[in-house]
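Okay, structure first, notes after.
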Amino acid sequence: MERSFRNNGGSLVVHDRGACVTSWVPAATGEAPVNDVLFTSRSFAVDRRPAGESPNKETYSGEAHAGIPICAPWFSGGRAGVDVPRKHGLVRWVDWHFDGAAQEPGASDVSHAGNPSADGGSEDSSEWTRLSWHIAGAELESMPGSESYPTDMEYRYDVGFGLRSGVPRVDVMLTISSPTQDVIVDAALHTYYRVQDAQTVRLSGLEGCTIDDLLAGKKYTITSDLDYSSRDAVIYSGAASAPHMVFDRGWDRLRITPINGSNIVLWNPGEANTAKIETLARDEWKDFFCVEVGNVLDDARTISAGTSLSFGFSVEHLGE
């Protein structure tokens with residue numbers, strides 16, 4: 001189900017399939033209209049399989065390049081020594097359970113389209129709206145790869161959006177719990193940001209972090225703003241020393257603040273690799289850039305029995 005929400009900080013769209021946020025349009029603070037912060041590929045369509053049915057070539061065309069996919073309990077092709085049946089985990093392929101929308105004290109009811117219990121009425125006066133979804137590991141048992149993870153694992157996804165100190169903002173937080181067994185997870189929030197031109201984006205705030213450029217096969221320390229005008233690479237950088245990043249996407253700037261993430265993953269396939277991706281049009285590589293927060297590959301986290309791991313990020317719309 002697609003669920004649409006609105007308050008005076010902007011609008012948000014989330015799909016229950018994968019609990020994937022696919023659109024955030026911040027409220028305009030001036031006369032100029034605001035572009036959607038999130039990218040959605042032209043071929044994007046919600047996966048229509050019955051909930052819990054494992055994706056395969058007959059029932060699902062491929063990976064959706066849209067919004068903020070949740071990649072867990074493994075990221076990409078998995079960490080070294082772990083064999084996985086597909087990229088990017090289990091939970092993005094199934095329907096999550098929507099727990100509801102709530103407002104901070106003093107706010108009026110949120111306008112919500114898609115929830116049968118809501119009237120979908122007029123725009124509300126709430127400045128901050130909280131949303132949550134959950135799914136249990138037992139609901140993933142039919143999916144290849146699930147046998148490597150405890151069936152009593154639990155996943156919770158919390159999303160908040162609206163205004164903070166007059167600035168449009170979205171917060172997302174993934175919590176993974178393992179009640180009875182130790183388990184290693186590598187996971188990320190694989191955010192696709194819509195950009196004016198991927199060749200001209202700039203990212204500041206990672207100075208001092210170490211980059212592991214997997215495609216180039218080298219590591220180095222970041223000393224200045226990152227410029228991706230000629231880069232076709234997947235890069236992993238330690239984010240422990242990055243309190244926040246400022247991302248210039250052409251039309252405007254975003255401030256991205258990682259929360260309990262060991263890594264920032266930066267990705268754009270470039271023109272040559274886009275030709276190999278069936279679910280992207282040949283020219284769409286210029287329209288997005290991924291800035292992802294997670295704990296991935298060598299920085300995967302161990303969740304001890306009876307504990308949980310939470311990580312996420314906030315993104316603020318700073319305007320021009």
Side-chain angles (χ1 to χ4, degrees), residues 1-29 32-48 63-71 91-92 95-96 98 100-101 110-115 118 120-124 126-133 157-164 167-174 188-196 198 201 247 249-256 268 279-281 284-293 312-319:
M1 177 180 286
E2 178 183 290
R3 302 180 187 273
S4 300
F5 307 88
R6 182 180 298 275
N7 58 34
N8 64 355
S11 64
L12 196 80
V13 177
V14 190
H15 292 269
D16 287 349
R17 181 60 51 92
C20 187
V21 180
T22 57
S23 173
W24 174 44
V25 180
T29 55
V34 178
N35 291 290
D36 200 321
V37 168
L38 300 176
F39 168 83
T40 300
S41 65
R42 293 196 288 272
S43 66
F44 171 73
V46 180
D47 183 359
R48 302 299 183 185
E63 180 181 357
H65 299 277
I68 312 176
I70 302 172
C71 302
V91 298
R92 68 181 299 183
D95 290 341
W96 290 50
F98 179 56
V110 65
S111 172
H112 172 199
N115 183 347
S122 60
E123 183 174 329
D124 66 83
S126 170
E127 288 195 359
W128 194 256
T129 303
R130 298 188 183 277
L131 316 164
S132 65
W133 284 259
Y157 194 47
D158 292 290
V159 179
F161 81 103
L163 295 175
R164 288 298 199 208
V167 177
R169 186 173 113 186
V170 167
D171 293 350
V172 296
M173 182 73 70
L174 175 65
L189 300 172
H190 193 321
T191 310
Y192 287 79
Y193 290 102
R194 186 182 177 199
V195 299
Q196 192 169 29
V201 299
F247 182 45
R249 61 189 193 123
W251 306 290
D252 51 26
R253 296 173 303 125
L254 308 172
R255 180 163 50 219
I256 304 168
N268 179 279
T279 48
L280 280 176
E284 283 191 294
W285 69 275
K286 291 184 178 182
D287 298 335
F288 73 90
F289 199 87
C290 292
V291 181
E292 312 164 34
V293 175
F313 64 89
S314 69
V315 55
E316 300 166 280
H317 185 257
L318 303 179

[X] side chain near [Y] side chain, heavy-atom distance below 4.5 Å:
X	Y	answer
V291	T191	no
L38	S23	no
P168	L163	yes
H317	L254	yes
R164	E316	no
W96	I70	yes
E2	V13	yes

Of the non-hydrogen atoms in [X] and [Y], which two are nearest, and what is the gap between them?
X	Y	value
N268	A198	ND2-CB, 3.6 Å
R169	S314	NE-CB, 4.1 Å
Y157	A19	CE2-O, 3.3 Å
A101	F98	N-CZ, 3.8 Å
G312	L189	CA-CD1, 3.8 Å

Is the side chain of T22 donor-acceptor paired with the backbone N or O of G67 at a distance under 3.5 Å, no angle test?
no
Test side chain to side chain contact (heavy atoms under 4.5 Å, CB included) on L280 and W285; report intermediate values, then the result.
CA-CA 8 Å; L280 280 176; W285 69 275; 5.9 Å; no
Measuring from atom [atom1] of [X] to atom [atom2] of [Y], what distance do you get when rounded to the nearest 0.5 angstrom?
X	Y	atom1	atom2	result
F161	L12	CZ	CG	5.0 Å
D36	S11	CG	OG	7.0 Å
E292	H190	CD	NE2	4.0 Å
D171	L131	CG	CG	11.0 Å
F313	M173	CZ	CE	10.5 Å
T129	N8	OG1	CG	8.5 Å

Is it true that W133 and D16 share a donor-acceptor pair across their side chains at a distance under 3.5 Å?
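Checked: D16/W133 side chains pair up, N/O donor to acceptor below 3.5 Å.
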W24, F39, F247 screened by ring pair (Phe, Tyr, Trp, His ring centres under 6.0 Å) with Y193, the one that passes:
F247
Kindly determine whether V159 and V172 satisfy side chain to side chain contact (heavy atoms under 4.5 Å, CB included), including the steps that lead there.
CA-CA 5 Å; V159 179; V172 296; 4.1 Å; yes
How far apart are the C-alpha atoms of R194 and V37, what are their side-chain angles, what is the distance that settles it, and do they pass the side chain to side chain contact (heavy atoms under 4.5 Å, CB included) test?
CA-CA 6 Å; R194 186 182 177 199; V37 168; over 6 Å; no
Test side chain to side chain contact (heavy atoms under 4.5 Å, CB included) on R92 and C20; report intermediate values, then the result.
CA-CA 8 Å; R92 68 181 299 183; C20 187; over 6 Å; no
If the plane angle is over 60° it's perpendicular, under 30° parallel, otherwise tilted; pick one for Y192 and H65.
perpendicular
